[in-house]
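Scope of the values below: all heavy atoms of this structure, side chains included, with no hydrogens, waters or symmetry mates. Quantities reported herein were computed from a predicted structural model and do not represent experimental measurements. Throughout, a chain's letter reflects where its sequence line sits, starting with A, and its residues are numbered from 1.
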Number of protein chains: 2
Amino acid sequence: MEYQTDLIILERTELFRGVAVQALREIHAVSYRKRFSAGEIIFRQDDAAASLYVVSVGRLRATQTVPDGQQIIIRYLGPGEVAGYTTLSGAATHPGSITAVDDSYLIGWSADTIKQIMSEHTAIAMNAIVLLGARYREMQLRLRELSTERVEQRIAHTILRLTAQAGRRTVRGVEIAFPLTRQDLAEMSGTTLHTVSRTLSAWEEEGIVDCGRRRVIVAEMDALTLIAAGTSPRLPNRL
Amino acid sequence: MEYQTDLIILERTELFRGVAVQALREIHAVSYRKRFSAGEIIFRQDDAAASLYVVSVGRLRATQTVPDGQQIIIRYLGPGEVAGYTTLSGAATHPGSITAVDDSYLIGWSADTIKQIMSEHTAIAMNAIVLLGARYREMQLRLRELSTERVEQRIAHTILRLTAQAGRRTVRGVEIAFPLTRQDLAEMSGTTLHTVSRTLSAWEEEGIVDCGRRRVIVAEMDALTLIAAGTSPRLPNRL
DNA sequence: CGGACTTTTGAAGTAATTCAAGGGGAGTGG
DNA sequence: CCACTCCCCTTGAATTACTTCAAAAGTCCG
């Protein structure tokens with residue numbers, strides 16, 4: 001029944017949502033499947049944009065690297081999300097790299113195929129517009145956060161976003177469902193791993209979070225939301 | 001001949017590029033024209049996204065404001081660019097405000113009309129995808145700059161981007177073709193007007209720029225490019 | 001020529017980085 | 001099962017790039 005489940009998965013992705021089953025069958029027929037183990041690279045920054053994937057199972061990380069070795073995390077991608085939007089929007093090369101952070105199972109199309117599909121199915125083009133609009137807005141938000149907020153707030157926002165995107169209820173609180181180092185959080189919040197570590201330690205002290213090696217559990221969502229909003233009473237130099 | 005020129009203008013916009021003349025005529029027929037004087041507000045943050053404009057003449061500024069009054073500039077929009085992409089991509093409200101910084105002449109459509117147009121003309125939907133992709137990439141770039149670069153570099157990048165977008169050759173160098181305060185540059189670079197002022201003064205000292213009230217002229221593009229790249233020898237505490 | 005914006009510049013303050021060093025945890029291989 | 005090693009994380013202390021505070025000087029416009 002792999003065929004059936006693939007169709008169901010496609011129907012639930014942000015790109016193929018609402019597309020007629022008949023069309024999905026055609027689209028599925030010209031797709032290919034690919035597995036990546038945790039740590040494997042899907043696209044490398046500046047490579048030609050020759051294909052597009054949707055995540056079926058797993059988790060990917062989109063990053064950008066600067067010549068001097070610094071890196072920022074653009075976003076994480078979970079099931080149903082599109083990896084390689086550049087292939088849709090025409091730019092010749094990938095603006096960043098995409099790596100698997102968990103073992104992942106992707107469904108892919110070549111650049112030509114996906115363009116062909118889009119021009120034949122208006123609904124898919126519309127979905128692409130919605131999807132790109134949402135990402136653009138997400139970036140505007142992050143840019144604003146980075147410009148106007150202090151680190152503690154930014155880290156709080158980053159973690160809240162991650163719980164919204166990949167949160168898993170547990171007895172101790174909401175856990176971010178994939179491995180995540182302090183360095184990763186730093187690269188998402190625009191700070192250093194040291195500052196992230198100090199901040200998490202302070203929060204742990206207050207019982208707001210409960211973290212371990214490559215793991216973050218938010219115990220007190222409300223408290224974290226307050227910190228993110230900047231309304232939390234800031235202890236002078238709490239770090 | 002206003003009708004003819006409007007068609008030519010539409011044909012040159014990022015959204016209607018490459019669309020058949022017949023279709024452009026229809027699109028033009030359902031559009032409306034609107035003038036805004038410098039300082040007037042086109043969209044207000046959180047207003048319902050009920051229309052979309054393309055800039056025919058003039059210059060707009062897209063901003064986001066935070067409750068405490070701080071503001072950041074998302075981008076400037078010049079002739080041919082789309083204001084109100086949100087209306088395309090389905091979100092209910094505008095994520096930021098758009099203001100005219102010069103007297104401007106816009107061509108507009110209602111949300112329903114533009115969606116109708118898009119679904120009838122695949123080429124336009126494709127243009128929208130290209131346009132949103134480009135903006136998304138621009139935002140990724142700025143996010144990276146803001147995370148990894150120091151202020152001087154960021155200000156340099158901001159000014160370079162502005163000259164690329166709205167630069168005008170003059171005898172003294174490349175001038176940014178619209179009024180721009182130190183505060184504006186600060187809101188684009190993620191810093192304060194004080195730091196921008198100090199930085200510009202230092203550059204003026206070195207003959208790299210030539211600025212005045214609400215005006216910036218880049219005399220030495222190469223020098224500025226070097227600073228932006230971070231390869232320029234940083235005088236310790238040049239500010 | 002008054003008044004509202006801009007811009008400049010000095011001095012003080014500070015949030016966060018950088019530097020430095022050590023302490024776990026988890027897997028591996030003997 | 002223990003030792004070894006590679007990461008990852010933590011925490012103190014020093015430093016600094018930038019902001020904040022403060023005040024004054026231009027500059028444009030009616």
Side-chain angles (χ1 to χ4, degrees), chain A residues 37-39 68-72 101 145-156 158-159 176 178-205 209-217 227 230 232 234-239, chain B residues 37-39 68-72 101 145-156 158-159 176 178-205 209-217 227 230 232 234-239:
Chain A
S37 311
D68 72 358
Q70 276 186 90
Q71 184 181 267
I72 69 157
V101 293
E145 286 175 10
L146 204 50
S147 304
T148 63
E149 297 177 357
R150 343 219 100 199
V151 254
E152 193 184 16
Q153 265 181 280
R154 300 205 306 263
I155 297 170
T158 299
I159 292 178
I176 295 170
F178 55 89
L180 193 69
T181 66
R182 304 290 181 269
Q183 177 72 36
D184 292 334
L185 282 169
E187 287 172 5
M188 272 185 280
S189 313
T191 179
T192 62
L193 77 160
H194 306 280
T195 303
V196 170
S197 176
R198 282 183 238 268
T199 305
L200 288 183
S201 294
W203 289 348
E204 196 139 31
E205 195 80 14
V209 296
D210 178 2
C211 358
R213 194 188 163 85
R214 323 226 282 162
R215 212 193 54 223
V216 178
I217 301 175
I227 293 172
S232 163
R234 307 196 74 256
L235 313 179
N237 248 338
R238 70 197 297 171
L239 302 188
Chain B
S37 311
D68 72 358
Q70 277 187 90
Q71 184 181 269
I72 70 155
V101 293
E145 286 175 10
L146 204 49
S147 303
T148 64
E149 298 177 355
R150 339 220 113 211
V151 253
E152 193 184 17
Q153 266 181 280
R154 300 204 306 263
I155 298 171
T158 299
I159 292 179
I176 295 169
F178 55 89
L180 193 69
T181 66
R182 304 290 181 269
Q183 176 71 38
D184 292 333
L185 282 169
E187 287 173 5
M188 272 183 282
S189 314
T191 179
T192 63
L193 77 161
H194 307 278
T195 302
V196 170
S197 176
R198 282 183 238 269
T199 305
L200 289 183
S201 294
W203 289 348
E204 196 139 31
E205 196 80 15
V209 296
D210 178 3
C211 355
R213 193 187 163 87
R214 321 223 287 158
R215 214 193 52 225
V216 177
I217 301 175
I227 293 172
S232 163
R234 309 197 71 257
L235 313 179
N237 248 338
R238 70 198 297 171
L239 302 188

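Atom C1' of nucleotide C/dT18 and atom CZ of B/R150 are separated by 10 Å, given to the nearest angstrom. Distance A/R215 CZ to D/dC7 P: 21 Å, rounded to the nearest Å. Atom NE2 in A/H194 sits roughly 11 Å away from atom C1' in C/dA16 (whole-Å rounding). The distance from atom CG of A/D184 to atom P of D/dC9 is 8 Å, rounded to the nearest whole Å. Taking atom CZ of A/R213 as the reference point, atom P of C/dG24 lies 13 Å away to the nearest angstrom. In this structure, CD of A/Q70 is placed 13 Å from C1' of C/dT18, rounded to the nearest angstrom. Between the CG atom of A/L146 and the P atom of D/dC18 there is a distance of 14 Å, given to the nearest Å. One atom, CZ of B/R154, and another, P of D/dA17, lie 14 Å apart when rounded to the nearest Å.
Between the side chain of A/R198 and the base of C/dT18, at least one donor-acceptor pair of N or O atoms lies under 3.5 Å.
Of the candidates B/V209, B/I155, B/V151, B/T199 forms a side-chain contact (heavy atoms from CB on, under 4.5 Å) with just one, namely B/I155.
The minimum heavy-atom distance linking A/V101 with A/P179 is given by the pair O-CG, 4.1 Å. Of all non-hydrogen atoms in B/T148 and A/Q70, the two that sit nearest each other are O-NE2, 3.6 Å. The shortest heavy-atom contact between A/Q71 and A/E187 is NE2-OE1, 2.9 Å.
Here the straight-line distance linking atom CG of B/D184 with atom CD1 of B/I72 works out to 13.0 Å at 0.5 Å rounding.
For B/T195, a side-chain nitrogen or oxygen approaches OP1 or OP2 of D/dT19 to under 4.0 Å. For A/T191 and C/dA16, the shortest distance from a side-chain N or O to OP1 or OP2 is not below 4.0 Å.
Within the nucleic acid shown, B/L193 comes within 4.0 Å of at least one base atom, counting heavy atoms only. Across all strands, A/R182 comes closer than 4.0 Å only to sugar-phosphate atoms, never to a base (heavy-atom distances). Contacts of B/S197 with the nucleic acid, taken as non-hydrogen atoms under 4.0 Å apart, include base atoms.
Here the nucleotide nearest the side chain of A/R214, chosen from D/dC9, D/dC18, C/dT6, is D/dC9.
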